[in-house]
Amino acid sequence: MLDTDALLEAARAARGYAYAPYSRFAVGAALMDEQGRIHAGCNVENAAYPQGLCAEAVALGHLVLAGGQRITAVAVVGEGAELVTPCGGCRQKIREFASDEIPVLVGDMQSQRARFTLGELLPASFGPGHLK
């Protein structure tokens, strides 16, 4: 059973550690693995802009380091008028470890604002199955 509150709270907590001195756009992410463990990350900017890390990529590094092999749910938290969803690159990174059906929760510091599946965010995606 997916504990959406715990996943969103982990993303909110991670957002508090974001290093975003240039954009001032803090993002937190949390990934649930196949064992029900939650792995969180925040964005880490860099003066050489392309070298920064998205929150989802940082969380994915934590998941892999902990021995996780599958993502079963995602939460992303940011503040703004528009929904803060994973960027295209992070959608593909998540796809490497997840199926089209996993939930992707999008929230802010107060509430869940939307819920998608990965397949809705990255339709007709290319994944590991294409290389078997």
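Side-chain atoms of E120 come within 3.5 Å of backbone atoms of T117 as a donor-acceptor pair (strictly under, hydrogens ignored). In this structure, the side chain of E45 does not engage the main chain of G52 through any donor-acceptor pair within 3.5 Å. At distances below 3.5 Å, at least one donor-acceptor pair connects side-chain atoms of D3 with backbone N or O atoms of A6. Judged by distance alone, with hydrogens and angles left aside, the side-chain atoms of S111 form no donor-acceptor pair with the main-chain N or O of R113 at under 3.5 Å.
Linking Ile, Leu, Val, Met, Phe, Trp and Tyr whenever their side-chain heavy atoms come within less than 4.5 Å puts I102 and F116 in one cluster.
Other residues sharing a hydrophobic cluster with L8 under the 4.5 Å side-chain heavy-atom criterion for ILVMFWY residues are L2, L7, M32, I38, V77, L105, M109.
You'll find the side chain of Y19 stays beyond 4.5 Å of the side chain of N46, heavy atoms only. Residues R15 and V27 are not in side-chain contact: their nearest non-hydrogen atoms beyond the backbone lie 4.5 Å or more apart. Contact check for D33 versus L31: no side-chain heavy atoms found under the 4.5 Å cut-off. Under the 4.5 Å side-chain criterion, counting only non-hydrogen atoms from C-beta, V58 is in contact with H62. Side chains of V84 and F25 form a contact here, defined as non-hydrogen atoms less than 4.5 Å apart.
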For this session: Evaluate side-chain contact (heavy atoms from CB on, under 4.5 Å) for I94 paired with L118, printing each intermediate quantity in order.
Result: CA-CA 8 Å; I94 292 165; L118 182 59; 3.9 Å; yes
Exercise. Going through the distances and angles, do R95 and D100 end up as a salt bridge (charged side-chain N to carboxylate O under 4.0 Å, His left out)?
Worked result: CA-CA 8 Å; R95 175 64 179 88; D100 286 339; 3.8 Å; yes
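The existence of a salt bridge linking E9 and R12 is confirmed by a sub-4.0 Å separation between a basic side-chain nitrogen and an acidic carboxylate oxygen.
Residues forming a ring pair (Phe, Tyr, Trp, His ring centres under 6.0 Å) with F126 (at least two apart in sequence, or on another chain): H130. Not counting sequence neighbours, R70 has no partner by the salt bridge (charged side-chain N to carboxylate O under 4.0 Å, His left out) test.
Open room surrounds CD on E82; 12 or fewer heavy atoms of other groups in view lie less than 6.0 Å from it.
A donor-acceptor pair shorter than 3.5 Å cannot be found between the side chains of R91 and S125.
The two residues G41 and A14 have their closest heavy-atom pair at O-CB, 3.3 Å. Between P86 and V76, the closest heavy-atom pair is CG-CG2, 3.8 Å.
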